Structure formats: C-alpha cells, structure tokens
Amino acid sequence: MKYIFLLMLMNIGINAYSQIELHIAELSASNIVLDPNRPVFTEGEDEGPEIGFRCYIQNNTDKEIILQPQKARVNILFNYKNKKYESKVNPLPFFEFESITIKPHDSYEFFGGDTFLCGTDLWDQKRTDYTLEMLEILPTIKISYRDPNINITSTDINTVVIDYPSGRWYLGNKPAPSKRSHPLNKKSRK
C-alpha cells in the first residue's frame with residue numbers, strides 16, 4: 001500500500017513539472033576557429049568556443065509560478081564521446097531579480113552565454129580549431145534551470161546559429177523577433 005502511495009506522489013510531481021517547460025529559442029556558437037596570428041583577442045575569445053542562448057520558461061498550468069533567479073543555478077549540459085559535461089552560467093540581468101512571476105499559460109524569456117569548454121578536459125589553450133568537437137557537442141546541448149522550487153531541463157532547440165570564419169550559418173528555423181516576455185519587462189517581474 002505504501003508503494004502505491006509513493007508511486008502516486010511521484011506521478012503528481014512528474015505531471016507538475018511536465019506542465020512547466022524550458023525551451024531553447026536560439027542557440028548560438030562562436031569562437032569555434034581562432035586565428036592564432038591575430039594580434040588582439042576580445043575578452044574570452046582565447047578561452048575557446050562560446051555558447052549563447054535565448055530560452056523561455058513556459059507555464060502551461062492554471063496557476064502562477066514564481067521563479068527565484070537569485071537562488072537559481074543555470075547550466076549548459078552537453079555530451080562528448082559518451083561523457084556528460086556541465087558548465088555553470090550566470091544569465092544577467094535575469095539573476096538580478098529576487099523573484100519573477102509567470103502567469104498561467106504565459107512564458108518568460110531569459111538569455112546568457114559562456115565559454116563553456118574552459119575548465120573541462122576538452123579545452124586546450126594552444127588549440128585554435130574546435131570544429132570536430134562542436135559537431136558532436138551541439139546536438140546534445142541542453143540548458144537546465146534549478147531554484148528551490150523548480151528543476152527543469154530544456155526539451156528542444158528551435159534555431160542554431162553558428163558564427164564561423166566563412167560566415168553565419170542557420171540550422172532549424174531562422175530566428176524571429178520574440179513575442180515572449182523580455183527580462184526587462186516590468187510586468188513579468190516582482
């Protein structure tokens with residue numbers, strides 16, 4: 001009997017989280033190939049590839065949900081050669097808010113980015129080309145959001161933009177202007 005109760009309790013938790021979704025609207029990759037003869041690097045450029053993202057949290061429930069960005073952790077998750085990696089990122093100005101309320105059937109957009117290979121065993125200060133690694137990593141990238149009340153991981157990527165020396169490449173849907181709540185929209189924050 002107690003096992004049935006536990007299964008019911010777990011199912012309620014799973015259903016609640018499945019009604020709150022995290023989507024990657026746009027994922028951008030840059031600094032995949034660096035020119036070693038270039039005299040000046042921009043900040044972070046010499047730390048390997050950079051991932052930028054624009055995500056939104058969708059509230060599919062009939063109740064308001066409250067995010068707690070100052071107590072949250074946002075991570076870039078990815079796989080390479082069957083090994084899982086996790087890189088912490090601080091999406092500003094999102095983390096400046098103590099709480100953000102998402103109304104029922106509404107969403108909230110946030111963005112961020114980081115040189116996500118720096119600090120892993122994949123990053124080598126002397127390397128200038130990460131093309132092969134990025135071909136394997138990009139399809140596996142997910143963004144996770146965790147605060148004291150919510151723990152969700154992205155389920156999809158709408159568009160991937162790759163900045164490469166030969167130009168900009170779009171995979172998926174070409175990005176459209178966002179109609180979702182912007183992080184600086186005063187109506188969506190407390």
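Quick note: numbers below take in every heavy atom, side chains included, and nothing from hydrogens, waters or symmetry partners. Note that the structure is a prediction, hence the values are computed from the model and not measured.
D114 places none of its side-chain heavy atoms less than 4.5 Å from the side chain of E50. I141 is listed as a side-chain neighbour of I76, based on a closest heavy-atom distance under 4.5 Å. Side-chain contact between I137 and L122: present, with at least one pair of heavy atoms (C-beta onward) separated by less than 4.5 Å. The closest side-chain heavy-atom distance from T159 to L171 is not below 4.5 Å. Using a 4.5 Å heavy-atom threshold, the side chains of K88 and R73 count as touching.
Only one option out of D121, T120, N79 pairs with Y85 in a side-chain hydrogen bond (donor to acceptor under 3.5 Å, both in side chains); it is D121.
The aromatic rings of F94 and F110 sit parallel to each other, their planes meeting at less than 30°, with 60° as the upper class boundary.
For the atom pair CG of N59 and CD1 of I20, the computed distance is 6.0 Å after rounding to the nearest 0.5 Å.
The pair K83-E136 fails the salt-bridge criterion, with no side-chain N (NZ, NE, NH1 or NH2) lying under 4.0 Å from an Asp/Glu carboxylate O. Salt-bridge check for K81 with E133: failed, with every basic side-chain N at 4.0 Å or more from each acidic carboxylate O. Under the 4.0 Å criterion applied to side-chain N and carboxylate O atoms, D163 and R168 are assigned as salt-bridge partners.
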Next on the checklist: Please evaluate residues I152 and S144 with respect to the criterion side chain to side chain contact (heavy atoms under 4.5 Å, CB included), reporting the C-alpha separation (whole Å), side-chain torsions for both, the decisive distance (0.1 Å), and the verdict.
Outcome noted: CA-CA 6 Å; I152 52 177; S144 71; over 6 Å; no

Item to check | CA sep, side-chain torsions, deciding dist, call: Y145, D147, side chain to side chain donor-acceptor pair (under 3.5 Å) | outcome: CA-CA 7 Å; Y145 172 88; D147 74 21; 2.6 Å; yes

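A donor atom on one side chain and an acceptor atom on the other are not found under 3.5 Å apart for Y80 and T140.
Checking side-chain atoms of S154 against main-chain N and O of D156 turns up no donor-acceptor pair under 3.5 Å. Between the side chain of Q70 and the main chain of E96, a donor-acceptor pair closer than 3.5 Å is present. Remark: side-chain polar atoms of D124 are paired, donor with acceptor, to backbone N or O of K126 under 3.5 angstrom.
In plain terms, the two heavy atoms of E98 and P69 that are nearest each other are O-CD, 3.7 Å.
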